[in-house]
Every structure is written in structure tokens, then in C-alpha cells.
Amino acid sequence: MTSSSAPSRKALSKIATNRLQKELVEWQMNPPTGFKHKVTDNLQRWVIEVIGAPGTLYANDTYQLQVDFPEHYPMESPQVIFLHPAPLHPHIYSNGHICLDILYDSWSPAMTVSSICISILSMLSSSTEKQRPPDNDRYVKNCKNGRSPKETRWWFHDDKV
Amino acid sequence: MMMMNTCGNNLSQECIGVRERCEELAKSSSFYRIVYSEIEEIGWELLRRLGGDLTFFSFHVLDKKRRAHILEIQLHRDYPKSPPSVSADVPYMFTLEWSTSSRLKDVMHQFQKHLDDLQDFWSVLDDIDKSLSVVDAKQPSRASPVRRIHAGNDCILVIHINFDDPKSLPECRFIGPVPPATHMNNLHNLWRRNSKKWSKEVSFPENLECILGTELPKPPGLQEEDDHQQIECGICYAQFLPTDAELGARSGTRTDYTCESISCNKSFHSLCLTDWLRSITTTRQSSDVLFGNCPYCSDPVAVKINNK
């Protein structure tokens, strides 16, 4: 079991370190609109501030994303969760887990932190109601022991929101 | 290029059959006899296509710079009294000089001379195709004097090369976003202001960059050849694999795999690509080859597993 708050994960491989350094440079030169990387010296965990897009339900709301990279990034997807309080959204659980296919089955090394952020913002922006997923309580209870969302078997049944 | 080779092979085989058929026909009428002997004079190996009644055929002709051209010839029933009709992939056709004693090889000579006259014209165009980013032109027609060149920021230069004087200042139009972006207005103004600087002594791309005062985008293929050392892997983002005991002999190697889809063309270390393909369940393996999809364009890829 991997804990999302205190990673007992292995250090980044050389390949992962090199790639992340390049992604970070690219991010600093060309950050996605609406996002701010909080500067730390930890390459393996990025904390990113998200500002809801103007004209959407989340306009001016600020949230924080926590991105943890596995040893063999980008062969494996990063773990991306919202820190408390997570936005109210039909695909975001109250523990911060996000039901978004590219974070799990549909991940590809052609994606980047930046492209993930853009997908998450677009998911927020297309929401028509600030509401938790219908199975929120059951899901969150099952995750009590600090389970990573990457261990969840997700069903991606809705691509409207 | 490969297409052309394949074609050539098929056709030369076909030509052997064609020659036999032609030989048969030559026994039956004087028209066929004439055609047969005149093709023979030019050489059967240059014949590319031959109509069933021997009134239509085409020849493969190389010019001085070894560019391939096809000359199509149509004979009329009263040939050689009336001259053949000729057509080819050229910007304008030459006027055929013909007398009753003329033969097909004379047509070939005149065509060859016409090609000689067009050498400068094609050299300018080849230079453009080779060193600038030309819009949708994998293999533009040899007849076309027009090139659409990417000038950055969605602006396109439409250049019309004068075949009588190909090194002179070409006609140029600008196409870009509506309403015109500053970038395009700038280019347009520079062109008007600096067109006097055009010099026949320097190459077309150099002239263009001098007049517009900016480096124009390079063709995607060239960038790769030029910066061969600098191609980064689409997965690990590095040109060279790190030096690592785990990687063994492959420490520090360059990208060695390129997605074959022309629109994608992404480069990878085959090690990175196999690592990725092995990490997903849709990949299939057959002996030592992994079959999966390019992480960028999803086109099929096949990578040989390189054991450490």
C-alpha cells in the first residue's frame, strides 16, 4: 500500500529525474494558464495551485493539486490528487481522488504534468453542478487506510463532465 | 522513392512482354514496324508504358541533375506524316520541330534539351523544398512554379518562380490569419521595402531570409537530419540514455527508433519504447518483437527487444 501523504515510494530513476527536470523547466517557461507550481526542492512531489476558470462554476476558487511521481515515471502515470478541500465535482471524491482516465488506464508518456493540469481544468470547467460523486461516502470509506487512487479500479462511464 | 523503385521493377518486367507483343505486331503493318524500330532506337529500358495499339507510350528520362521525368507520346494514325503529341510534367511545353524524316529519338532529343533549359528553374525549387518548410508538398509536381512556404505564426508566403528567369525576384503573396496579424503585416512591409536587396548570386532561401530579416521555419525532415545529434526521445526527453549500471552497454546511446507515421515521426530510444510497451496490457509480443502503438500518434509500432 502506498500512502499518499507520506510516500514510502522509491526514489526517482535517472531517466525519471532527467525527464522531470525538463518538464519543470518547460513549465516555468510556459506554465499552463490558471496553474502555479509551488516552488520546492522536491522534484518527486509537485504541489500545484489551480484557479477555477472565469465564467465557470469554479471561477476564482483556488485548489491545490498534489502530483507524486513514481520511480519509473513516465512509464507509469503520476499520482494526482486534490489536497483538502477538494472541489465539489461529480468526478472528484472528498478525499481528493479524481476519476479521470488519463491518470490511470489512458496514461501515455506523451502526456505531461502540464497536459494533465489542462485536462483537470477542462473537467472542472465543463461541470454543471457542484456536487460529489453519488458513491462518494462508500468510496472514501474504502480508502480509509490511505490507499492511492491508482489502486482503485475505475469505471470511466461519463465523458461529458 | 521506394514507390518509384517498385514501379520501375514491375514495369520493366512488363516491358519485356510488351516488347514481344510489339514485335508480333510489327510483322503485321508498316505503322507498327516503324514504331517498333523507333522505340528500339531509344531503348526499351526507357519505355515505361505502352498502349495496346502502340499509339500511346511514355519514356523515362533523366535530366542533368538526375531528376526523373516522364515524357508521354501520342501517335496519330498517319504517323510519321503528322507529328506526335507530347506531354510531360514541365511548367511549359516546348514546340516540337517535326519533318517527315523525323523520328521518335528526335522528340527525345528535343525534350532533353527542354529539360536542360529548365535546370535552373528546378534547382531553385529543389533548393526551396530542401531548406524551407513547404506546405503539403511531399512531392510537388515538376510543372508547378508555385510554392507555399511557412513563414511562422500561421503566415504563408506564396511564391511564384519565373521559369524564364528563375533566379530573379519571384512574385510573392502573403496568406495569414484574418484580420491580418502584425507578423504578417511586418513580413509584407519588409518584402516591399527590401525587395531591391534580392540578389541572383545567392540562393533563394538566403535571399528570402535576408529580405524578411528572419530565419524561416525549416522542413521537419531536414531539422532531423541536421540536428541528428539533438533528437530527443519522446519518452525520456533526453538525447542520450543516462550512464547507468542497469542499462549496461546501452548507457549513453542515442535515439534509435522513429515512428513511421509521417505526420508523427517521433523519435525514441528503443529501450524507452519497449519499457513503455511492456508496461501496458494491450502490447503483444511475437518472438523478440513487441507490437503496440506509438504513445504519441497511436499508429502501430513494432520494436525489437534488445537484450542487455
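Note on naming: letters A, B, ... go to the chains in the order of the sequence lines (proteins, then strands), and numbering restarts at 1 for each one.
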Go through the atoms of [X] and report whether side chain, backbone, both or neither lie under 4.5 Å from a heavy atom of chain A.
| X | result |
| --- | --- |
| B:Ile280 | neither |
| B:Cys272 | both |
| B:Thr281 | neither |

Take a 6.0 Å sphere around [atom1] of [X] and say whether it holds more than 12 heavy atoms from other residues, nucleotides or ligands.
| X | atom1 | value |
| --- | --- | --- |
| B:Glu201 | CD | no |
| A:Asp135 | CG | yes |
| B:Glu260 | CD | no |
| A:Lys150 | NZ | yes |
| B:Arg173 | CZ | no |
| B:Lys304 | NZ | no |

Work out which heavy atom in A:Met75 is nearest to a heavy atom in B:Ile235; give both atom names and the distance.
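Shortest heavy-atom contact: CE-CG2, 3.5 Å.
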For A:Asn18 against B:Ala238, the heavy-atom pair lying closest together:
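The pair with the smallest heavy-atom distance is ND2-CB, 3.1 Å.
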Please check this pair: side chain of A:Lys22 against backbone of B:Tyr237, looking for a donor-acceptor N/O pair closer than 3.5 Å.
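Confirmed, A:Lys22 side chain pairs with B:Tyr237 backbone.
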Going through the checks in order, is the side chain to side chain contact (heavy atoms under 4.5 Å, CB included) test met by A:Lys14 and B:Leu241?
CA-CA 9 Å; A:Lys14 279 192 183 175; B:Leu241 284 173; over 6 Å; no
Candidate pair B:Trp276 and A:Ser108, rule side chain to side chain contact (heavy atoms under 4.5 Å, CB included), full reasoning:
CA-CA 8 Å; B:Trp276 162 245; A:Ser108 130; 4.2 Å; yes
